[in-house]
There are 2 protein chains.
Amino acid sequence: MSDRTSIPRPTIKRLSLYLREIESQEAGGAVTVSSRTLGSALGITDAQVRRDLGYFGQFGQPGIGYSVKAMIPRLKSILRIDREWNAAVVGVGNIGRALLHYPRFTAKGFNIVGAFDVEDSIIGTTVGNCRVARIEDIPRLAVELEIEFGILCVPKQVAQEVADLLVTAGVRGILNFTPQRLEVGPAIDVVSVDFSLALEQLAYQVSEEVDGG
Amino acid sequence: MSDRTSIPRPTIKRLSLYLREIESQEAGGAVTVSSRTLGSALGITDAQVRRDLGYFGQFGQPGIGYSVKAMIPRLKSILRIDREWNAAVVGVGNIGRALLHYPRFTAKGFNIVGAFDVEDSIIGTTVGNCRVARIEDIPRLAVELEIEFGILCVPKQVAQEVADLLVTAGVRGILNFTPQRLEVGPAIDVVSVDFSLALEQLAYQVSEEVDGG
DNA sequence: CGTTGTGAAATGATTCACAGCT
DNA sequence: AGCTGTGAATCATTTCACAACG
């Protein structure tokens, strides 16, 4: 069944992309996809696609390709998105507010079940589907609402402190939109999204070709 | 001077983090930093830090470390952020709006000089520092405002089309907040920020440790 | 034919380990 | 003693190349 070798991190990222692309092909009426078509839609070699899928057993039929209908649930199961996850947004500033309205989260099975802030003027208001609660209520509501992920959108200065609160409240993962590196225990996972970093990468890449790095 | 070997992509990412950390240490009064202190602040080995910096020549003093004062401009120069860059937000929905208010961009020398949308109800309003213009005005205003980057926050369905417009208008890079893979010419760079992908990675990582992926 | 699955080779990135400088 | 800079070794990831299958 599943191998003992560990899965490369980049493979997991691509798996999400494969799922997305296959779903889009399904909408277009495709019944099978080949590693070639999948790869070229994503700018990846066919060998890479086969290798990635190969980590999880046999999916395809030689001469035919991969069955769209079989692949979708299989990929969802691998990625653990064959279920719903509950998340809460912490920090209802510009970014938190945007995420509370981001339709793609719910569409993918990530339910935003809570919102938290410290500002009295914001607490009690409704943003998206959520009534904003006090940050101090995280411990109580995390249990009550079964919050599994915290989506951290607070100012950098308090990021670690609020992360600690989330960890104590029992969340299993943090999606970190702050530029602060978070120290959390080994049982907690953090994935960071860093806007400034992304822009800086772009500035570097753009310059690279011009003046030949 | 600069080597002939090409720089690993991950190194460039870390360089941004080094700069950030050194600036924060400078604010705390530090005069030198060692690869050890820099690394441990970022969860990186000291050897990794030295290797990364080594790609760009000699920075440090054996026995002492790296001079904070010398490093900051040096890193900025490598990353090409020793100048300002002009960018425009395209798509003033939830995310575009949040980015138009994101203070960290301007603080880092990325000036948001334009905003574009298709909605009549939004066009002409002011968001952040920008008056929202029509998307059709991109070609004209891109030149006039010297827009170098497009920050793409439109719906996935029109992402490629709007990206084409930006490319034609002469931007050099696109920061892509849509989940659409963009096909652009070889002279244009794209860096993507994908919220759903990040959440999916988190779901996988969180599950991994529990049921021993 | 076209396509998968996978050893083996190649490439890329990180860590080790230590000479040499302060 | 403390620290950098860097060959050499290790580890990780991708690509090659082809047997086996539909």
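Protein chains get the first letters and strands the later ones, always in sequence-line order, with residue 1 at the start of each.
Comparing atom distances between the B:Arg51 side chain and each of D:dA17, D:dT6, D:dT15 picks out D:dT6 as nearest.
Among residues two or more places apart in sequence or in another chain, the side chain to side chain donor-acceptor pair (under 3.5 Å) test is passed with A:Tyr66 by none.
Open room surrounds CZ on B:Arg36; 12 or fewer heavy atoms of other groups in view lie less than 6.0 Å from it. A 6.0 Å sphere centred on CD of B:Glu183 holds no more than 12 heavy atoms belonging to other residues, nucleotides or ligands.
Atom CD1 in A:Ile12 sits roughly 11 Å away from atom P in D:dT13 (whole-Å rounding). When the P atom of D:dT4 is taken as reference, atom CG of B:Leu53 falls 9 Å away, rounded to whole Å. Atom CZ in B:Phe59 sits roughly 16 Å away from atom C1' in D:dC3 (whole-Å rounding). Atom CG in A:Asp52 sits roughly 17 Å away from atom P in D:dA12 (whole-Å rounding). Rounded to an integer number of Å, the gap from A:Arg50 CZ to D:dC21 P is 16 Å.
A donor-acceptor pair is defined here as one N or O able to donate and one able to accept, closer than 3.5 Å; no such pair exists between the side chain of B:Trp85 and the backbone of B:Ile112. The closest donor-acceptor contact from the side chain of A:Ser77 to the backbone of A:Pro73 lies at 3.5 Å or more, if one exists at all.
In summary, contact between chain A and DNA chain C, defined as any nucleotide atom under 4.0 Å from a heavy atom of the protein, begins and ends at C:dG2 to C:dA8 in the 5' to 3' direction.
When each of A:Ala47 and A:Arg9 is assigned the nucleotide of DNA chain D bearing its nearest heavy atom, the one mapping closer to the 5' terminus is A:Arg9. Comparing A:Gln48 and A:Pro62 along DNA chain D, the residue whose closest nucleotide (by nearest heavy atom) sits nearer the 5' end is A:Gln48.
Taking side-chain N and O atoms only, B:Gln61 has no distance below 4.0 Å to OP1 or OP2 of D:dG2. Between A:Arg14 and the phosphate of D:dT13, there is no side-chain N or O to OP1/OP2 separation shorter than 4.0 Å.
For the pair A:Glu23 and A:Lys76, the salt-bridge criterion is met [side-chain N within less than 4.0 Å of a carboxylate O]. By the 4.0 Å N-to-carboxylate-O rule, B:Arg20 lies close enough to A:Asp194 to be salt-bridged with it. Taking 4.0 Å as the cut-off between side-chain N and carboxylate O, B:Glu148 and B:Arg83 count as a salt-bridged pair.
Residues from residues 27-44 of chain A placing a heavy atom under 4.0 Å of any atom in DNA chain C, listed by number, are A:Ser34, A:Ser35.
The six-membered or imidazole ring of B:Phe195 lies near that of A:Phe177, with a centre-to-centre distance under 6.0 Å.
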